[in-house]
Participant: 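Okay, handing you the structure first.
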Amino acid sequence: MIIGLALVPLFATFPYRVNIFLSWEGAYRLSEGQLPYRDFGTPLGFGYWLMPALFFKLFGPYLVSLVKAQVLLNIMGGFSFRSIMKSVGVPVGVRVLAVLVFVLSYSFPNFWPWYNNTVIIYQLAGLALLLIGLNGGKWRWAAIFGAAFFTFLSFFTKQDGGGLAMLLCLALLGYHSLRHKRWQELAVFLGSYLVVALAFILPFVPYGFGYWFNHGQPPHNSRLSVKDIIDEFLVASQWLKFYLVMVLLLIAPALRDVKALWADSRKMMFILLTIGIIVEASLFQVTSYTPPDNNIFFHAFAFAFIFTQLSQLLQLKTDSFRPFLAGVVLVGLWWSGAFYKYVDRVLSRILPPPVATVEGGENVISRNNFMLHTDTTDVPTSEWIFSSLPAFKKIYMPPSTVQGIDRLMALPEVKTKGKELNVLNLTELTPLKHSIGYKEEIGRNIPLWHHLGVGMFNRQLEEYKGRIARKEYDIVLYEYAPTLNNFFPFALRDDLKQHYRQVDSFLAPRRPTNATIEVYMK
């Protein structure tokens, strides 16, 4: 299940994904030998881009190489989750069903790499190795070092998820130390974490690491809002609250004998792990809010705990064929949304939806035409087409985007000067760097991406304004997204209107198509 479903995206085509430009840009720069903080600035660690950069070296700097990188990450996540389930003693029948829930709910829908997903994959690898180490054996110290490595890599991918991963590991280590009255494992983990952190951070301190890496200090702002966390949990978060109530109900009988529960290491680890994951998901959904369902890794953990306890209380034979098969069917029905869209492509041809036609002058209403599209610029994904450029292979985009790219590639300046052009690309079409081969800006004050207040700050904005005023760029590509808060700084568009001439515009590859890419020249 883990490998088979992870490989499915290799045989599919994809619409251009919102924000995937950032994955491509970071992976491309690393694969070209550029160093973070020295050659470009990022408010994150560079753990997220390590795997995509490796796949760029292996398969080329194409968008589809990112999908291939995610295949390996999904396999890593699936086997890490399986290892965790084995370490905490989940019965084999429930464990296989839990893996199915994990794959359908979390891995299968994530076929593009994104840091809010990668941070969890590395966390799962760290937890799996930590539990192996705490269970003993001759490789326990190597496993604990590996746990520290992946837990730090999680932090160096995304600070909030990685910080929560560290707290969860400390909770498990704290219980283990108190229960067995030994501190060697905790000391080795903390020492290893410190060594790994220093190895990753110290080489970049001279290049402004303290300015770029987001600690919540100016010019960065903290996303940790207690009020937002309380609001999101109490107003929404229905699944999280349901699981928490179920977990508390199921551990209530064990609380009659607290000493026996405390002495049961495997059960205590399972309880701490499950509640810790639910708490983490409650916080993560507020601090990392894009995409909105990036915290659904908790489903599989909660499912495993609840059904393990129920199978023991009700004496269910989950390892028997019929109950297990019934469980597979029910899990498949529960998470049918994860795979039905692939089935729907075939089913729509066999059972096409009825076409609403005007009969006898009457206005015919159906569930498919009740809501009218008032945004005339929106282009249905079914009408998107492919570009002929290798960097965009197997990725379809709005026709306006593809045609605009073709016009850009046909410009005399692009055809004759290509690699000599000085281009500022303030759009989501970062693979154009590979397609055109233009000069890429390098420097410790060059942001990896241009979201004002997130990926760049006022210092960088002023530098760009100065370069535009001095007309240092031959071509500037600017994406105007009026509904997004300075996703590409609005002030730069005003300066471009003043100092450059606009020669073209076309739709950006977004859904809905509510942003425009503008081409400016001297």
Side-chain angles (χ1 to χ4, degrees), residues 1-3 5 74-107 120-121 123-137 143 147 165 168-169 171-172 175-176 179 239-240 242-244 246-254 260-281 296-332 334-335:
M1 289 189 301
I2 294 169
I3 297 175
L5 288 177
N74 282 342
I75 292 173
M76 181 191 299
F79 278 102
S80 296
F81 177 79
R82 176 180 180 269
S83 175
I84 293 169
M85 295 296 101
K86 292 182 70 175
S87 293
V88 294
V90 176
V92 64
V94 177
R95 186 176 76 227
V96 177
L97 291 176
V99 169
L100 180 60
V101 173
F102 179 83
V103 171
L104 291 180
S105 65
Y106 192 64
S107 295
I120 302 301
I121 299 296
Q123 174 186 352
L124 295 179
L127 285 171
L129 289 168
L130 179 63
L131 291 172
I132 290 173
L134 295 183
N135 284 338
L168 182 53
C169 288
L172 298 175
Y175 164 75
H176 179 83
R179 166 69 180 80
W239 276 111
L240 285 167
F242 169 75
Y243 288 142
L244 183 59
M246 287 295 295
V247 169
L248 295 177
L249 286 174
L250 288 170
I251 65 175
L261 177 61
W262 180 263
D264 190 341
S265 296
R266 181 166 280 185
K267 190 166 187 175
M268 276 297 299
M269 284 289 191
F270 202 1
I271 291 172
L272 288 172
L273 176 69
T274 305
I275 294 178
I277 288 292
I278 291 174
V279 171
E280 177 181 350
I296 58 173
F297 53 85
F298 65 86
H299 284 288
F301 286 92
F303 173 88
F305 183 85
I306 291 170
F307 274 77
T308 296
Q309 302 308 311
L310 285 177
S311 65
Q312 294 172 356
L313 289 172
L314 302 177
Q315 297 183 342
L316 298 175
K317 296 181 179 180
T318 56
D319 297 349
S320 300
F321 178 72
R322 288 185 179 180
F324 173 75
L325 183 61
V328 170
V329 172
L330 292 176
V331 168
W334 180 21
W335 289 102

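Just so it is clear, the structure is predicted and the values come from calculations on it, not from any experiment. Counting from 1, the numbers follow the sequence of the chain as shown. Both backbone and side-chain heavy atoms feed into the values below; hydrogens, waters and symmetry mates do not.
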Participant: Quick one: closest heavy-atom pair of V90 and R95, and the distance?
Facilitator: CG1-N, 3.6 Å
Participant: Could you tell me if the side chain of E280 sits less than 4.5 Å from the side chain of I120, heavy atoms only?
Facilitator: yes
Participant: Angle between ring planes, F102 versus Y106, binned at 30° and 60°: parallel, tilted or perpendicular?
Facilitator: tilted
Participant: Counting only pairs under 3.5 Å, give me each side-chain donor-acceptor contact of residues 299-313, with atom names and distances, residues two or more places apart or in other chains.
Facilitator:
from, atom 1, to, atom 2, distance (Å)
H299, ND1, Y243, OH, 2.9
T308, OG1, A304, O, 2.6
S311, OG, F307, O, 3.1
S311, OG, T308, O, 2.7

Participant: Tell me, do M85 and V94 make a side-chain contact under 4.5 Å, heavy atoms counted?
Facilitator: no
Participant: Assess the residue pair F81 and V103 against the criterion (side-chain contact (heavy atoms from CB on, under 4.5 Å)); give the C-alpha distance rounded to whole Å, side-chain angles, the decisive distance to 0.1 Å, and a yes or no.
Facilitator: CA-CA 10 Å; F81 177 79; V103 171; over 6 Å; no
Participant: How long is the gap from CZ on F297 to CD1 on I277, to the nearest 0.5 Å?
Facilitator: 5.5 Å
Participant: Go through the steps to decide whether L240 and L244 satisfy the test side-chain contact (heavy atoms from CB on, under 4.5 Å), and finish with yes or no.
Facilitator: CA-CA 6 Å; L240 285 167; L244 183 59; over 6 Å; no
Participant: Indicate the atoms forming the closest heavy-atom contact of R179 with W262, along with that distance.
Facilitator: CD-O, 3.3 Å
Participant: Side chain to side chain contact (heavy atoms under 4.5 Å, CB included) with I132: which residues, sequence neighbours excluded?
Facilitator: S83, S87, A143
Participant: Rounded to the nearest 0.5 Å, what separates atom CG in L248 from atom CD1 in I278?
Facilitator: 8.0 Å
Participant: Using every non-hydrogen atom in the two residues, find where A125 and S80 come nearest and quote the distance to one decimal.
Facilitator: CA-OG, 3.4 Å
Participant: Search all heavy atoms of Q123 against all heavy atoms of L168 and return the closest pair with its distance.
Facilitator: NE2-CD2, 3.9 Å
Participant: Run the side-chain contact (heavy atoms from CB on, under 4.5 Å) check on V96 and M1 step by step: do they pass?
Facilitator: CA-CA 9 Å; V96 177; M1 289 189 301; 3.7 Å; yes
Participant: Can you check whether L127 reaches L172 side chain to side chain, under 4.5 Å on heavy atoms?
Facilitator: yes
Participant: How many angstroms lie between NE2 in H176 and CG in L131, if you round to the nearest 0.5 Å?
Facilitator: 10.5 Å
Participant: For the residue pair A254 and K267, what are the closest heavy atoms and their distance?
Facilitator: CB-NZ, 4.0 Å
Participant: Enter the distance from I296:CD1 to W335:CH2 here, rounded to the nearest 0.5 Å.
Facilitator: 5.0 Å
Participant: How long is the straight-line distance from CG of N74 back to CD1 of I121, given to the nearest 0.5 Å?
Facilitator: 6.0 Å
Participant: Looking at residues at least two apart in the chain, or sitting in another chain, which of them share a side chain to side chain contact (heavy atoms under 4.5 Å, CB included) with I275?
Facilitator: V247, I271, V279
Participant: Indicate the atoms forming the closest heavy-atom contact of A281 with F298, along with that distance.
Facilitator: CB-CD2, 3.6 Å
Participant: Output the distance between atom CD1 (I251) and atom CZ (F270), rounded to the nearest 0.5 Å.
Facilitator: 12.0 Å
